[in-house]
Structures are given as structure tokens and as C-alpha cells.
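Worth knowing before you read on, the calculation uses all heavy atoms, side chains too, and leaves out hydrogens, waters and symmetry mates. Here is how names work: the chains are called A, B, and so on, in the same order as the sequence lines, proteins then strands, and each is numbered from 1.
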2 protein chains.
Amino acid sequence: MKRSSRLSLALHALVHLHKQPEEAITSTTLAQCLMTNPVVVRRVLGTLREAGIVAASKGHDGGWRLLRPAAEISLRQVYAAMGESLLIRTESDPGDIQCGIVRTVNSVMGDFLADAEALLAARLERVSLDDIARQATPNPLHPHHGAHHHG
Amino acid sequence: MKRSSRLSLALHALVHLHKQPEEAITSTTLAQCLMTNPVVVRRVLGTLREAGIVAASKGHDGGWRLLRPAAEISLRQVYAAMGESLLIRTESDPGDIQCGIVRTVNSVMGDFLADAEALLAARLERVSLDDIARQATPNPLHPHHGAHHHG
DNA sequence: GTTTCATGTAACTTTTATTGTTACATTGCT
DNA sequence: AGCAATGTAACAATAAAAGTTACATGAAAC
């Protein structure tokens with residue numbers, strides 16, 4: 001896996017969990033689907049566990065399960081849980097504070113990014129895990145790939 | 001400078017150019033203001049030159065100038081010129097294509113990010129370089145830091 | 001109770017992207 | 001000619017993310 005955000009990974013894993021609600025799925029199995037390492041899976045799902053989205057059980061037949069129905073899990077919750085920003089963090093250089101222009105640019109950029117972040121979150125709220133899962137089921141070979149419903 | 005996006009750097013430089021329209025400013029001078037290297041400045045302003053936003057002149061009294069009035073330079077233009085995305089690029093792993101879920105997740109994420117990108121661009125369109133410069137001028141020591149006009 | 005299978009987590013290595021730096025060719029002005 | 005600037009290539013340093021190894025912990029099966 002190269003440089004893809006943990007958010008996609010989390011969503012992918014969650015859809016798998018949703019599609020197989022009968023039994024818990026192990027990190028190793030998920031890692032094969034996601035083409036990554038079991039430890040990476042645990043890291044990602046671990047943060048989702050802290051957010052109350054999934055639960056892990058140890059021992060025999062242990063593994064991961066969803067804690068809530070997929071229709072009640074919004075992408076926003078997953079997004080928030082991951083603590084990730086879809087936006088690039090444009091750190092302000094500490095040495096520049098002497099220059100008023102830097103402060104202004106940083107301030108404008110910061111305000112803008114905060115606004116944008118809220119906007120993105122509002123949009124993510126409208127998509128649920130179930131929405132994604134339903135898109136994945138019907139035609140796995142001919143995805144529409146256009147105009148979905150999140151606009 | 002650590003890990004800040006080239007966009008902030010570009011804006012900072014542009015404001016400086018705007019505030020000193022009389023004479024061209026050299027990469028070295030700008031580098032001191034931006035606390036970075038002259039070559040980095042050239043790299044950043046070079047892309048803005050290709051976009052027709054600034055011009056560089058060589059030789060004596062050479063340096064950088066704005067090509068258009070600051071009121072006609074929108075942050076969107078700068079943003080587009082930099083070819084940067086404010087959004088994190090969540091690359092889809094090439095090996096995952098066999099799994100329908102990955103395709104769906106990637107598709108949903110891709111659509112979402114494209115939408116979001118357009119949304120951000122639309123907002124950036126409404127802020128001009130002059131807007132930023134005017135905010136920087138009046139009170140360099142007591143920036144309001146809240147509720148600006150870009151919402 | 002011991003074995004087995006799973007998570008939880010720490011520590012380290014590898015990889016990738018960005019930035020910083022050096023060096024030098026090119027161009028324009030005096 | 002000579003200076004002063006950009007333009008650009010090549011390389012080093014830095015930082016962030018992901019991959020990996022190793023092992024402790026806990027729960028179920030035998």
C-alpha cells in the first residue's frame with residue numbers, strides 16, 4: 001500500500017465487516033483483502049474501536065465486528081474517528097511571526113480551511129456505510145462511476 | 001520551513017510583490033522574508049510565471065513582479081497554478097482492483113473528493129490577493145483573527 | 001490447566017514526498 | 001567584459017506514513 005489515506009482503508013474494512021455480519025473477521029483475513037499488514041489493520045480498526053464503531057474479540061473465533069447497523073454509521077463518524085483531515089495541514093512557520101503578512105496569510109488560510117473542513121464533514125454526514133455497501137453489491141463489474149447521490 | 005504547503009508560500013510572496021509594485025523583488029530578498037531558500041522561491045514563483053500571474057526579469061534590477069492588479073488575482077487562480085490539492089490524495093492501490101469493494105470505496109471517495117475540490121475552488125474564487133493584502137495592511141500588530149468575509 | 005488463536009502495542013525499518021542546498025548555465029543590463 | 005539576476009538539474013536532508021518484527025495479553029477449546 002502506498003500513501004493512501006487510512007480513511008479508505010477503514011471504509012474498505014468496514015464494508016467487509018458489514019457484508020459478513022455472521023462471524024467476526026480477523027485482522028489477518030482483512031489484511032489479505034486490503035493488501036496490507038495485520039498490524040496496520042489493527043491500528044486502523046483500533047481507532048474505530050475507541051470510537052465505538054467496531055469491537056474486537058480475542059481468542060478462538062475472535063476478530064472484528066460492527067457495533068452498530070451500517071445505516072447508522074455515517075462517513076463523518078468514521079472520518080472523525082480517524083482523526084484525519086481530508087485537508088492538507090498547512091503549518092505556519094514558527095519563525096515568520098515577525099512578518100505581518102505571514103500572519104495574515106496564515107490566518108486567512110486557517111479560516112478557510114476550518115470552513116472547508118466543516119463543509120466536508122457536513123457532506124460526509126449524508127453518506128452512510130450502508131450506502132457504500134449497497135453500491136458495491138449489485139454490479140461489482142460495472143460500477144456506474146458517475147453522478148452518485150452525494151451532491 | 002517545515003512541511004508547509006507551497007500555496008501559503010506563494011501567497012506570501014505575492015502579497016510582498018503587491019505591496020512593492022515600484023521595483024522588482026529578487027528571489028534572495030523574498031527568500032529572507034519567507035525564511036527559505038532562493039531556489040525554493042524560484043520554484044514556487046516559476047509555476048506562477050507559467051500561469052501568467054508573475055513575471056521574472058534577469059540582470060540588473062531584475063526580479064519578480066505581478067503581471068496583473070492584485071484585485072484581479074483570485075486565490076483560485078493561484079491555487080490552480082500551483083497544481084496543488086488542498087485535499088489529500090487518497091491513491092487507490094493498484095493491486096486491489098480484483099475486489100469490488102475497493103473499487104466502490106475508491107469510486108465514492110473519488111467522487112466525493114472531486115466534488116469537494118470544486119467546492120473549495122468556488123470559495124477560493126471569491127477571495128482576491130488584494131483582499132489579503134488589505135487585511136495585512138491596517139493593523140499589522142492586532143489582527144482580528146476571527147470572522148472574516150469569506151464565509 | 002495448558003494449548004491455541006486472536007488482539008494490543010511497542011520498537012524499528014523501509015518507503016515516499018517535500019524541502020533545502022549546491023552548482024552551473026543563461027540572460028540582460030551597465 | 002563583468003556583474004547580477006533567473007532557470008534548472010542534481011543531490012542531500014528531513015519528515016511523515018506505512019510496513020515489519022516481536023512479544024505481552026486475553027479468551028476460548030481441548
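Nearest to the side chain of A/Val40, among C/dG20, D/dT20, D/dA17, sits D/dT20.
A/Leu45 places its CG atom 15 Å from the C1' atom of C/dT9, with the value rounded to the nearest Å. Residue B/Arg42 contributes atom CZ, which lies 13 Å from atom C1' of D/dA9 at whole-angstrom precision. Taking atom CG of residue A/Asp61 and atom C1' of nucleotide D/dG26, one finds them 15 Å apart after rounding to whole Å.
Contacts between residues 46-59 of chain A and DNA chain C, defined by a heavy-atom separation below 4.0 Å, involve A/Arg49, A/Ala56, A/Ser57, A/Lys58, A/Gly59, listed by number.
Partners of A/Glu72 under the salt bridge (Lys or Arg N to Asp or Glu O under 4.0 Å) rule, at least two apart in sequence or in another chain, do not exist in this structure.
Taking 4.0 angstrom as the limit, A/Arg43 places none of its side-chain polar atoms (N or O) nearer than this to OP1 or OP2 of D/dA18. Put simply, B/Thr26 has no side-chain N or O that comes within less than 4.0 Å of OP1 or OP2 on D/dA4.
Summarising the geometry of B/Leu30 relative to B/His16, their closest heavy-atom pair is CD2-CB, 3.9 Å, with the distance given to 0.1 Å.
Nucleotides of DNA chain D nearest to A/His60 and A/Asn37 differ in position, and the one nearer the 5' end is that of A/Asn37.
One finds the OG1 atom of B/Thr104 at 11.5 Å from the CG atom of A/Leu11 (value rounded to the nearest 0.5 Å).
Looking at heavy atoms from C-beta onward, A/Leu75 lies out of side-chain contact with A/Arg126 at the 4.5 angstrom threshold.
For residues 25-44 of chain A, no pair satisfies salt bridge (charged side-chain N to carboxylate O under 4.0 Å, His left out), with sequence neighbours left out.
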